[in-house]
There are 2 protein chains.
Amino acid sequence: MNPAYDSAGKRKELVRAAKELFHHEGFHKTTLQMIARSAGVPLGNVHYYFPSKQSLAEAVIASHLSDLQTAFASWESEGPLERLRTLIRSPLRSADSVVQFGCPHGSLCQELQKDAESPLARAGAGLLQAWIDWSAEQLTALGWEASVARQMAGQLVAAIQGTMLLAQTFRSPELLTDQLGRVESWLEEQQSSSAERRKA
Amino acid sequence: MNPAYDSAGKRKELVRAAKELFHHEGFHKTTLQMIARSAGVPLGNVHYYFPSKQSLAEAVIASHLSDLQTAFASWESEGPLERLRTLIRSPLRSADSVVQFGCPHGSLCQELQKDAESPLARAGAGLLQAWIDWSAEQLTALGWEASVARQMAGQLVAAIQGTMLLAQTFRSPELLTDQLGRVESWLEEQQSSSAERRKA
DNA sequence: GTCTATAAATTGATAGAC
DNA sequence: GTCTATCAATTTATAGAC
């Protein structure tokens, strides 16, 4: 156990704890005390690894972005339409967590975005931007013109995010399943109407 | 200026200030100090009108609900379809505020709902429930079967709420206008396909 | 009813021993 | 690198004068 390993290990552990607590309790309600306890690190030690709560939050956002890229990469074997279906269904794989705490990206964005001055607002926006950019890519691959694909991607992500908000608000896994199914149907209708247009 | 008037006036002023600050800063970031200052009331006096921050938040939610009912009542002269269009367009009337701070109901719900134990979570849910119930009523009046109307209402509110989250995240009034227009188009497509089914 | 003063606990962040 | 002890400021809430 050389120092470098320990240091990196505790850093990662702090980010993991903060990521979970920001999701479960919200950014402003989460204290460094709570993060330190969950990570098994003394309170005063947190500032050795991260100079401020903000810098820790930046590391959390970077970790979320990395998770997203890993997920997208793991779906590469599928076709564009099936990839979008996988995205739509992805909240179901952690339905309990979504119903209790909402979307870890969406809820963090909403909270951070209230403070427009904060550098965290811009960083957080990158999370939802990643959702939209990736969706627009898949839609482009399906043959949609670039500007239309961007619009549709926005509609798709808005529908998924809004669905997670409602499922959380009413603590209803059924709502999550049903409404995500309707989003999937909407996507398929767009696809088939597009296919018809191409035939005509 | 009898005491009852003054008392009621300051109570209302505290609720107004808290409603605005919860929207602009978020519930947890807003302190009683900030509310007292905005309302022109000494800090120690807040607890004379409201025993706790929570009871003040309950009054804020009740005020939001009252606003909603007032808005719904003012749209009664229109037909059901036009009423739904008015709902979809309603974020545009305060576009700047939505882009900066998000939906006052949706963002409050998301924050309060993280703490399932809190009575505020249940109270907050009443706000989005009002959106859905009212939308389902209009859809029922348009001839949709009750359970279908509920599902469609959920989809509609999810789309509007998700759109507001994206518009806030990217600080884009254009995104708000464009995507709400797409929600309106979706609603009209549902209506016309329903009319076709009835003809057939 | 209204206010000042303050309590009691907690916050993010720092200092300095080891 | 790691920890304890602590600062200075802020939090919700209360006590008690007027």
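In what follows, every chain begins at residue 1, and chains take the letters A, B, ... in the order their sequences are listed.
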**OP:** Answer yes or no for Lys29(B) and Phe27(A): cation-pi contact, defined as NZ/CZ to six-membered ring centre under 6.0 Å and angle to ring axis within 45°.
**Re:** no
Original post:
Are side-chain heavy atoms of Gln190(B) and Trp144(B) found at a separation under 4.5 Å?
Top reply: yes
Subject >> Under 4.0 Å protein heavy-atom contacts per nucleotide of nucleotides 11-18 of chain C, with B for base, S for backbone only and - for none >> reply: SSBB----
**OP:** Find the distance Phe50(B):CZ to dT14(D):C1' and express it as a whole number of Å.
**Re:** 18 Å
**OP:** Could you check if a side-chain atom of Leu68(B) sits within less than 4.5 angstrom of a side-chain atom of Trp134(B), using non-hydrogen atoms only?
**Re:** no
Original post:
Does the pair Asp96(A)/Arg171(A) count as a salt bridge with the N-to-O cut at 4.0 Å?
Top reply: no
Original post:
When you check the phosphate oxygens OP1 and OP2 of dG1(D), does a side-chain N or O of Tyr48(A) lie under 4.0 Å from one of them?
Top reply: yes
**OP:** Choose from dC3(D), dT2(D), dT2(C) the nucleotide whose nearest atom is closest to any side-chain atom of Tyr49(B).
**Re:** dT2(C)
Subject >> 4.5 Å side-chain heavy-atom contact, Gln100(B) and Gln113(A) >> reply: no
